[in-house]
S.K.: 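Got a structure here, written out as structure tokens. Questions coming.
Counting begins at 1 with the first residue of the sequence.
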Amino acid sequence: MGLFRRIRGGGGSRPGRAGRGDLAEGERHLTDFARSRRGVEAYVEPQTTVTAVTVLLVAGDGEWTRRRVPGVRAAHTLAGKLGIPAYDAAVVGYPQRMRDYNRRQKEQGEQQG
């Protein structure tokens with residue numbers, strides 16, 4: 001039974017596992033985001049039991065995006081290539097401007113709905 005294989009770790013897929021094409025598309029998305037916005041910073045999110053390593057990019061106005069990356073080193077390397085600072089999210093947390101952006105988006109949605 002597939003469920004039991006996943007629980008024991010045999011034969012099931014690993015958390016957040018992505019193919020090379022998915023990872024390449026993710027990197028293109030992150031690159032486009034970083035190059036089209038000001039004040040972008042990278043927040044590297046560690047692997048959990050549910051998700052793979054991800055990198056969260058936050059722009060100066062708080063707009064954000066998240067994509068899977070092959071690993072922590074790859075996330076920091078990408079940030080270096082993009083010329084943006086990278087932080088470990090588990091250590092520093094997330095910036096207030098991101099929470100403010102989420103709140104503004106929610107308020108705008110409530111006003112429109």
Side-chain angles (χ1 to χ4, degrees):
M1 187 177 237
L3 174 64
F4 294 114
R5 279 197 308 266
R6 280 191 291 265
I7 290 172
R8 287 193 314 251
S13 62
R14 284 186 271 163
R17 189 171 181 184
R20 288 183 188 174
D22 294 336
L23 292 173
E25 178 58 34
E27 184 173 336
R28 279 191 296 277
H29 172 79
L30 294 169
T31 299
D32 291 345
F33 183 91
R35 290 185 176 157
S36 63
R37 289 156 181 85
R38 294 177 182 246
V40 177
E41 296 176 325
Y43 293 83
V44 181
E45 301 172 313
Q47 180 176 337
T48 68
T49 56
V50 180
T51 62
V53 175
T54 54
V55 64
L56 176 87
L57 298 186
V58 182
D61 67 352
E63 182 182 4
W64 59 273
T65 190
R66 172 187 288 123
R67 292 293 185 271
R68 286 181 280 198
V69 291
V72 172
R73 180 179 288 162
H76 285 281
T77 298
L78 176 62
K81 285 184 355 186
L82 295 172
I84 61 175
Y87 308 101
D88 289 323
V91 175
V92 302
Y94 299 102
Q96 182 63 44
R97 69 183 184 275
M98 180 182 156
R99 291 187 289 278
D100 294 341
Y101 177 85
N102 289 340
R103 181 185 40 77
R104 287 191 309 270
Q105 294 300 109
K106 181 179 178 184
E107 288 171 357
Q108 287 176 0
E110 289 173 356
Q111 291 172 0
Q112 292 174 359

S.K.: Verify the cluster assignment for Val69 and Phe33: are they in a single hydrophobic cluster under the rule of side-chain heavy atoms below 4.5 Å apart?
M.R.: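 Cluster IDs for Val69 and Phe33 match.
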S.K.: Return the minimal non-hydrogen interatomic distance between Arg97 and Gly60, and the atom names on each side.
M.R.: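 Closest heavy-atom pair between Arg97 and Gly60: CD-O, 3.2 Å.
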S.K.: Does the side chain of Leu82 come within less than 4.5 Å of Val40's, by heavy atoms?
M.R.: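 Of all side-chain heavy-atom pairs linking Leu82 with Val40, none is under 4.5 Å.
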S.K.: Side-chain heavy atoms nearer than 4.5 Å, only ILVMFWY residues, links allowed to pass through others: does that put Leu56 and Ile84 together?
M.R.: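 Not linked; separate clusters.
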S.K.: If you measure from CZ on Arg68 to CG on Leu30, what distance do you get to the nearest 0.5 Å?
M.R.: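 One finds 12.0 Å between CZ of Arg68 and CG of Leu30.
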S.K.: Is the closest side-chain heavy-atom distance between Lys106 and Arg103 below 4.5 Å?
M.R.: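 No, every pair of side-chain atoms sits at 4.5 Å or beyond.
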S.K.: Looking only at side chains, do Tyr43 and Glu41 share a donor and an acceptor under 3.5 Å apart?
M.R.: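 Yes, side-chain donor-acceptor contact under 3.5 Å.
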S.K.: Does Glu25 pair with Arg28 as a salt bridge, N-O distance under 4.0 Å?
M.R.: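 Yes, charged N to carboxylate O under 4.0 Å.
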S.K.: Side-chain heavy atoms nearer than 4.5 Å, only ILVMFWY residues, links allowed to pass through others: does that put Leu78 and Leu23 together?
M.R.: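 In one cluster with Leu78: Leu23, no.
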S.K.: Using every non-hydrogen atom in the two residues, find where Val58 and Trp64 come nearest and quote the distance to one decimal.
M.R.: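 Heavy atoms only, the tightest pair is CG2-CB, 4.1 Å.
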S.K.: Evaluate the criterion side chain to side chain contact (heavy atoms under 4.5 Å, CB included) for residue pair Gln96 and Arg99; output intermediate values, then yes/no.
M.R.: CA-CA 5 Å; Gln96 182 63 44; Arg99 291 187 289 278; 3.0 Å; yes
S.K.: Ignoring hydrogens and angles, tell me if any N or O in the side chain of Arg37 forms a donor-acceptor pair with the backbone of Asp61 under 3.5 Å.
M.R.: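 No.
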S.K.: Report yes or no: do Tyr87 and Met98 belong to one cluster of Ile/Leu/Val/Met/Phe/Trp/Tyr joined by side chain heavy-atom distances under 4.5 Å?
M.R.: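 Yes: a chain of side-chain contacts under 4.5 Å links Tyr87 to Met98.
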S.K.: Does CZ belonging to Arg104 count more than 12 external heavy atoms closer than 6.0 Å?
M.R.: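 It does: Arg104 CZ has more than 12 such atoms within range.
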S.K.: For a quick test of reading the model, state the closest non-hydrogen atom pair linking Arg67 to Gly26 and the distance between them.
M.R.: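 Heavy atoms of Arg67 and Gly26 come nearest at CG-O, 3.9 Å.
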S.K.: Let me check something: do Val55 and Tyr94 share a hydrophobic cluster, defined by ILVMFWY side-chain heavy atoms less than 4.5 Å apart, either directly or through other members?
M.R.: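 No, Val55 does not connect to Tyr94 through the hydrophobic network.
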S.K.: Please find the pair of heavy atoms, one from Glu45 and one from Ala89, that lie closest to each other, and give the distance.
M.R.: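 Here Glu45 and Ala89 meet closest at CG-CB, 4.0 Å.
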